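To start, the structure itself, in structure tokens.
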Protein chains: 2
Amino acid sequence: MASDHTRSAILAAAERLYADRGFGDVTLRDIVAEANVNLAAVNYHFGSKDELIAELFVTRSIATNRERLRELKAAEEQGGGRAPIEVILRALVGPTLRGCLGPQNQRSTAARFMIRASIESVPPIRRIKNREIDHLRKFAGAMRRALPERSEVDIYWGLNFALAMAHHTIRESERLTKLSEGKCDLDDVEDVVARVVSVATMALTAGKVEAKPRALARDAR
Amino acid sequence: MASDHTRSAILAAAERLYADRGFGDVTLRDIVAEANVNLAAVNYHFGSKDELIAELFVTRSIATNRERLRELKAAEEQGGGRAPIEVILRALVGPTLRGCLGPQNQRSTAARFMIRASIESVPPIRRIKNREIDHLRKFAGAMRRALPERSEVDIYWGLNFALAMAHHTIRESERLTKLSEGKCDLDDVEDVVARVVSVATMALTAGKVEAKPRALARDAR
DNA sequence: TTGCAATTCAAACAGTTGTATGAAACTATC
DNA sequence: GATAGTTTCATACAACTGTTTGAATTGCAA
């Protein structure tokens with residue numbers, strides 16, 4: 001029902017503006033101007049500015065999460081309930097990286113929006129991210145099944161580090177490019193995925209984390 | 001000259017409030033109320049709100065960077081111009097982690113402020129962070145000297161991943177605690193440092209990153 | 001003490017923000 | 001084609017923001 005036209009025009013304009021200029025300096029007035037609709041339309045259709053942002057983020061976010069789970073489920077089914085750790089990690093970080101990196105000039109608005117969201121972190125988005133724990137638990141479960149001999153703590157640390165490398169690389173992609181003077185090619189997404197997965201796998205499978213090698217620190221002093 | 005009292009009262013109050021409630025909802029009026037000074041004092045002593053935030057961040061930031069370089073220099077001198085990679089990495093991530101983690105109830109205001117700064121990322125702080133590249137280059141140089149047979153690209157990726165693990169762990173420490181139901185002990189800072197250093201070292205020293213193991217992805221489909 | 005600069009203060013300013021209102025325009029159903 | 005419900009619109013609102021102003025006060029030197 002209803003033409004829906006105004007609603008989606010707002011969503012599109014907001015995503016574009018937020019992606020380009022960040023949440024900080026885009027006002028509702030900017031958005032309605034870009035969308036060619038009336039100022040009051042935002043509150044009419046979304047209730048508030050925060051709910052608009054939340055809807056934008058949730059839409060993209062569940063798309064990524066669905067893809068993640070799809071890959072995970074496929075892998076576990078093929079392996080009879082147990083998937084190789086590399087494949088699990090690839091399902092965890094692949095969709096996010098693919099959704100946010102890739103050749104700059106062909107990055108979708110959605111991708112650029114998600115990068116913004118991971119850099120700026122405004123309240124409505126932070127609230128949503130906090131609800132992501134249940135989703136991550138599914139990966140923790142799969143990882144435990146893949147590495148039953150590994151301690152739970154190590155599993156969680158491995159999961160944490162995998163997400164760390166993926167998200168940080170997205171957040172700081174510009175800086176890494178500058179620091180490496182272009183030598184790190186962030187457009188080759190599959191190479192980035194491979195690197196993250198490879199390191200995370202090592203973290204999770206390497207011989208037991210040796211008991212706190214503090215000796216090293218002492219040597220350094 | 002001058003009593004300086006007002007100035008430091010503002011700095012202290014601002015750091016406390018920002019640490020507790022974030023940059024988003026702390027106004028100049030909140031700060032001057034907490035500091036028991038006049039509203040105009042902020043602009044008089046700092047020029048603007050952004051400059052106040054910048055000074056707060058810069059102070060803590062150069063303290064950390066100095067500590068990093070001190071550790072790095074000590075290590076390289078002891079090794080005759082070449083330090084073990086673990087020690088370099090420890091110098092890179094140790095000071096930051098020690099400055100931000102540790103038992104919650106004994107975290108300094110400064111530590112809590114820096115955590116905020118790494119979570120919320122406001123414009124004045126982002127501007128400063130962007131100038132950190134020269135500082136990181138020094139570590140990249142040391143790492144190249146430590147691993148001369150390694151390609152530059154791999155060095156930069158290793159550096160990136162080390163910072164990723166450290167910063168993400170700080171940013172998301174609450175979530176990791178919740179996800180792991182307290183099993184990951186973020187109060188044991190030296191253990192966290194050891195884990196990050198250990199994984200980053202593996203990333204940098206493991207046999208050449210095998211040429212894009214895309215086969216794995218294909219298997220998973 | 002006098003004079004001068006540095007500091008503090010209350011008050012106002014200027015601008016922006018997200019949101020609410022109530023009338024107008026539209027749409028579809030009977 | 002009247003009616004009821006939805007959507008759009010111009011406009012106003014109310015609150016809050018960082019910043020400025022100019023007068024008062026303070027501190028220090030001559």
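Letters go in sequence order (proteins before strands), and every chain restarts at 1. Bear in mind the structure is a predicted one, so any value in this text is a computation, not a measurement.
- Dashed line: the shortest gap from a side-chain N or O of A:H45 to OP1 or OP2 of D:dT6 is not under 4.0 Å.
- Side-chain nitrogen and oxygen atoms of A:T6 include none within less than 4.0 Å of the OP1 or OP2 phosphate oxygen of D:dT7.
- Take B:E120 and apply the side chain to side chain donor-acceptor pair (under 3.5 Å) test, not counting sequence neighbours, and it matches no residue.
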Please list, pair by pair, any protein nitrogen or oxygen found under 3.5 Å from a nitrogen or oxygen in nucleotides 25-27 of chain D.
none

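- Atom NE2 in A:H5 sits about 15 Å away from atom P in C:dC26, given to the nearest Å.
- Here A:E15 does not pair with A:R112 in a salt bridge; the nearest charged N to carboxylate O distance is not below 4.0 Å.
- Going from atom CG of B:D4 over to atom P of C:dA6 covers 15 Å, rounded to whole Å.
- By the ring pair (Phe, Tyr, Trp, His ring centres under 6.0 Å) test, A:F57 is found to be paired with no residue, residues two or more places apart in sequence or in another chain being considered.
- Inspection of the B:R16 and B:T109 side chains reveals no N or O donor paired with an N or O acceptor under 3.5 Å.
- Between the side chains of B:E174 and B:T177, no donor-acceptor pair of N or O atoms lies under 3.5 Å.
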Hey, what are the protein-to-nucleotides 18-21 of chain D N/O distances that come in under 3.5 Å?
unit_1: D:dG18; atom_1: OP1; unit_2: B:K49; atom_2: NZ; d: 2.8
unit_1: D:dG18; atom_1: OP2; unit_2: B:L28; atom_2: N; d: 3.1
unit_1: D:dG18; atom_1: N7; unit_2: B:R29; atom_2: NH1; d: 2.9
unit_1: D:dG18; atom_1: O6; unit_2: B:R29; atom_2: NH2; d: 2.9
unit_1: D:dT19; atom_1: OP2; unit_2: B:N43; atom_2: OD1; d: 3.2
unit_1: D:dT19; atom_1: OP2; unit_2: B:K49; atom_2: N; d: 2.9
unit_1: D:dT19; atom_1: O5'; unit_2: B:N43; atom_2: OD1; d: 3.4

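- In terms of the side chain to side chain donor-acceptor pair (under 3.5 Å) criterion, B:N43 has no residue partners (sequence neighbours excluded).
- Within a 6.0 Å radius of CD in B:E132, other residues, nucleotides and ligands contribute more than 12 heavy atoms.
- With sequence neighbours left out, the ring pair (Phe, Tyr, Trp, His ring centres under 6.0 Å) criterion links B:Y156 to no other residue.
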